[in-house]
Structure formats: C-alpha cells, structure tokens
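The structure appears below as structure tokens.
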Amino acid sequence: MIEGTLINLRPLESGDIDRVYAWINDREVTRHLNMRYPISRLAEENWLGERAATPLSYANTWFAIETKDGTHIGNVNFHEVHPENRKGHLGIMIGDRSYWSRGYGADALVTFLRFAFDEMDLRRADLTVDADNARAIACYRKVGFVEEGRLRQARYARGRYVDQLWMGILRAEFEALHGRGA
Ligand SMILES: CC(C)(COP(=O)(O)OP(=O)(O)OC[C@H]1O[C@@H](n2cnc3c(N)ncnc32)[C@H](O)[C@@H]1OP(=O)(O)O)[C@@H](O)C(=O)NCCC(=O)NCCS
C-alpha cells in the first residue's frame, strides 16, 4: 500500500472486476480515453486477471486508487516505462464519476509520481491529453505538468479530429513543488 493524502495506491485485484468493467463501459468516463469499443465481461476479466497475476515492476505499474476508507475509485499506471531513459508515459482514470473534481486525481498523481521518482528512479513522466479535456488539463497543471507540445488532430472521436497536448514533468520540478521524499 502506498499512502497519499486523500488516497492510497494498491495493486489491482481480480475482485475489482465489477467496478472496472462498469467504468470502462461508461461512455462518459471513457470519453477522452483510447477505449472506443465496448468491452465484454470476459475480455475485461482476462485483462484484469493477467494484471492481478503479474507482480508490480517496470513492466506492470497498474495501481488501484482507493479513498482512505477503502473505496476503489479508479486506476493509474504507466503505459510505457523506458528504464534506459528513466521516463514513463502515464494514464489515469477516476472511474467513479462522483469523485471527479474533488482533488482525488491530483493526489493520486502526486502519490504515483512520488513512487516513480523515489522508488523507480525515474527522472521524468509525461502523458497525452485531449485538448478539450479541461478537467484533466487543470488537474495535470495543478500537479505541475507543463505543456510540451500540441499534436494536431491526433485523435478521432465523436465524429471529429481533436488535438492532443503532450505534457511532462521532471523530477526536479516535482520536488520543487511537492518537496523531496522523506
Ligand atoms: C482527469 C481526472 C483523472 C482528474 O481527476 P479529478 O479527481 O477529477 O481531478 P482534480 O479534482 O484533482 O482536479 C481537477 C481540477 O479541474 C477543475 N475543473 C473541473 N472541471 C473543469 C473545467 N470544465 N474546466 C476547467 N477546470 C475544471 C477542478 O475544479 C479541479 O481544479 P481545482 O482543484 O483547482 O478546483 C478524472 O476527472 C478522470 O478520470 N476523468 C475521466 C477519465 C479521463 O479523462 N482521464 C484522463 C485522460 S488524459
């Protein structure tokens, strides 16, 4: 268990299936994610089973985000880690919409980045976000991510192409904002 201020991070468990299956089939949650096709229960069970059976490491950084009372509200992970370049490309989903805009996403990211910098020895993290995903961009800026580029018409969704922003944060920038680990 990795402790944040509002949340804790823990490994995914196969028992998380009901929530994860509901979230990834909620079109409002996946509106800005690369998940355009509905996902069957079996496909999701297979995916989650494999994640839960794989020890956490550079190759598997999937964490469940839990509130302090143990409610599972979302997931955060690195889609890719490049140990040689000491960087990771991350993704986050607060799947329970009732927890949006209450600071849980930012705290999950600060906690996840603290782990990435202090335990995995990464030096940078980055992400891509739809340019019209205002809540996510506000959350990332609050954490300290800065815009590093604009990928024009990088994603097709809901009948149109949308730009995406490439955002990144360096370990030194993170520590200047959030302090060094204890
Ligand atoms: C993106 C996401 C992880 C952010 O987590 P969160 O817990 O909602 O974010 P936070 O509450 O920490 O921060 C959101 C900020 O955006 C602000 N915000 C909300 N809606 C906004 C809008 N339309 N325009 C601008 N800011 C907005 C909030 O007020 C908050 O800022 P504040 O704390 O200064 O008031 C979460 O909303 C989510 O998972 N959404 C669905 C999936 C998704 O889009 N994932 C990201 C893909 S790149």
Side-chain angles (χ1 to χ4, degrees), residues 2-10 12 16 18-39 44 47-48 51 61-81 87-116 122 124-169 173-174 177-179:
I2 300 165
E3 295 191 10
T5 304
L6 299 175
I7 59 85
N8 294 326
L9 301 179
R10 63 157 174 82
L12 284 172
D16 296 326
D18 289 343
R19 287 176 295 280
V20 176
Y21 175 63
W23 297 339
I24 49 124
N25 282 298
D26 180 339
R27 306 279 291 172
E28 195 56 34
V29 171
T30 62
R31 184 178 178 83
H32 293 290
L33 303 178
N34 281 325
M35 294 178 174
R36 74 187 71 236
Y37 302 104
I39 297 178
E44 191 57 15
W47 178 85
L48 184 60
R51 290 275 68 81
T61 53
W62 279 90
F63 285 97
I65 304 166
E66 280 189 351
T67 61
K68 291 293 179 182
D69 67 5
T71 306
H72 181 200
I73 60 169
N75 301 324
V76 61
N77 73 299
F78 283 120
H79 298 302
E80 302 177 308
V81 177
K87 69 177 185 180
H89 192 74
L90 67 78
I92 182 170
M93 172 183 74
I94 302 293
D96 184 331
R97 288 194 251 146
S98 67
Y99 286 87
W100 285 358
S101 292
R102 295 168 58 187
Y104 289 93
D107 190 49
L109 284 171
V110 169
T111 308
F112 183 67
L113 289 173
R114 175 82 68 199
F115 183 81
L122 300 191
R124 127 178 208 112
D126 50 43
L127 57 84
T128 48
V129 57
D130 289 353
D132 60 353
N133 191 350
R135 179 186 296 106
I137 292 167
C139 173
Y140 300 147
R141 286 198 175 123
K142 192 168 52 165
V143 170
F145 284 86
V146 297
E147 189 178 326
E148 297 179 327
R150 190 176 189 98
L151 311 173
R152 295 171 302 153
Q153 301 185 17
R155 207 164 87 83
Y156 183 75
R158 301 178 298 282
R160 65 199 175 96
Y161 287 94
V162 291
D163 292 355
Q164 291 193 306
L165 305 182
W166 186 281
M167 301 182 79
I169 186 167
E173 294 167 343
F174 178 86
L177 281 169
H178 303 285

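Note that ligands are numbered from 1 as they come in the structure, with each ligand's atoms numbered from 1 the same way. Computed from a predicted structure; not experimentally measured.
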Check R51 with D16, please: is the shortest side-chain N to carboxylate O separation under 4.0 Å?
no
Shortest non-hydrogen contact from L90 to L127?
O-CB, 3.7 Å
For ligand 1, which atoms have a heavy atom of A136 less than 4.0 angstrom away?
1 (C)
Can you report which non-hydrogen protein atom sits closest to atom 42 (C) of ligand 1, along with the distance?
V29 O, 3.5 Å
Heavy-atom nearest option to atom 36 (C) of ligand 1, drawn from W100, Y140, W23
W100
Closest heavy-atom contact between E173 and G168?
OE1-O, 4.5 Å
Salt bridge or not for R10 and E66, using N-O below 4.0 Å?
yes
Among protein heavy atoms, which sits nearest to atom 45 (N) of ligand 1, and what does the distance come to when rounded to 0.1 Å?
I92 O, 3.1 Å
Within-shell test, D107 vs ligand 1, heavy atom, strictly < 4.0 Å:
no
For atom 11 (O) of ligand 1, what's the nearest protein heavy-atom neighbour? Residue, atom name and distance, please.
G103 N, 2.8 Å
Within the 4.0 Å heavy-atom shell around T128, which atoms of ligand 1 are there?
48 (S)
Straight-line distance of N25 CG to E44 CD, nearest 0.5 Å
7.5 Å
Would you say atom 26 (N) of ligand 1 has a protein heavy atom nearer than 4.0 Å?
yes
Of the listed options (S101, G91, A106), which comes nearest to atom 12 (O) of ligand 1 when hydrogens are ignored and any heavy atom counts?
A106
Within a distance under 4.0 Å of any heavy atom of M93, pick out the atoms of ligand 1 and give their elements.
39 (O)
To check your reading of the model: name the closest protein heavy atom to atom 34 (O) of ligand 1, its residue, and the distance in Å.
K142 CD, 4.0 Å
How close does the nearest protein non-hydrogen atom get to atom 22 (C) of ligand 1, and which residue and atom is it?
A134 CB, 3.7 Å
Should the proximity of L33 to ligand 1, defined as any heavy atom under 4.0 Å, be assigned to the side chain, the backbone, both, or neither?
side chain
Considering non-hydrogen atoms of the protein only, which is the closest contact for atom 2 (C) of ligand 1, and what is the distance?
I94 CG1, 4.5 Å
Identify which one of N75, L12, L9, N8 satisfies the side-chain contact (heavy atoms from CB on, under 4.5 Å) criterion when paired with F63.
L9
Considering only protein heavy atoms, which is closest to atom 7 (O) of ligand 1, and at what distance to one decimal place?
G105 N, 2.7 Å
What are the two closest non-hydrogen atoms of A136 and V129, and how far apart are they?
CB-CG2, 3.9 Å
Could you identify the single nearest non-hydrogen protein atom to atom 16 (O) of ligand 1 and state the distance to 0.1 Å?
A138 CB, 3.3 Å
Salt bridge present between D107 and K68 (N-O < 4.0 angstrom):
no
I'd like to check whether V129 has a polar contact with ligand 1, where a contact means an N/O of the residue lying under 3.5 Å from an N/O of the ligand.
no
Do you know which two heavy atoms are closest between G74 and W23, and how far apart they sit?
N-CH2, 3.3 Å
Can a non-hydrogen atom of G74 be found less than 4.0 Å from any atom of ligand 1?
no
Going through the distances and angles, do L122 and K87 end up as a side chain to side chain contact (heavy atoms under 4.5 Å, CB included)?
CA-CA 5 Å; L122 300 191; K87 69 177 185 180; 5.9 Å; no
Provide the number and element of each atom of ligand 1 under 4.0 Å from a heavy atom of Y104.
7 (O)
Six-ring centre of Y99, R102 cation under 6.0 angstrom, axis tolerance 45°
yes
Quick one: does W166's side chain have a donor or acceptor within less than 3.5 Å of a partner on L151's backbone?
no
I want to confirm something. Looking only at heavy atoms, which of R135, H32, R31 is nearest to atom 37 (O) of ligand 1?
R135
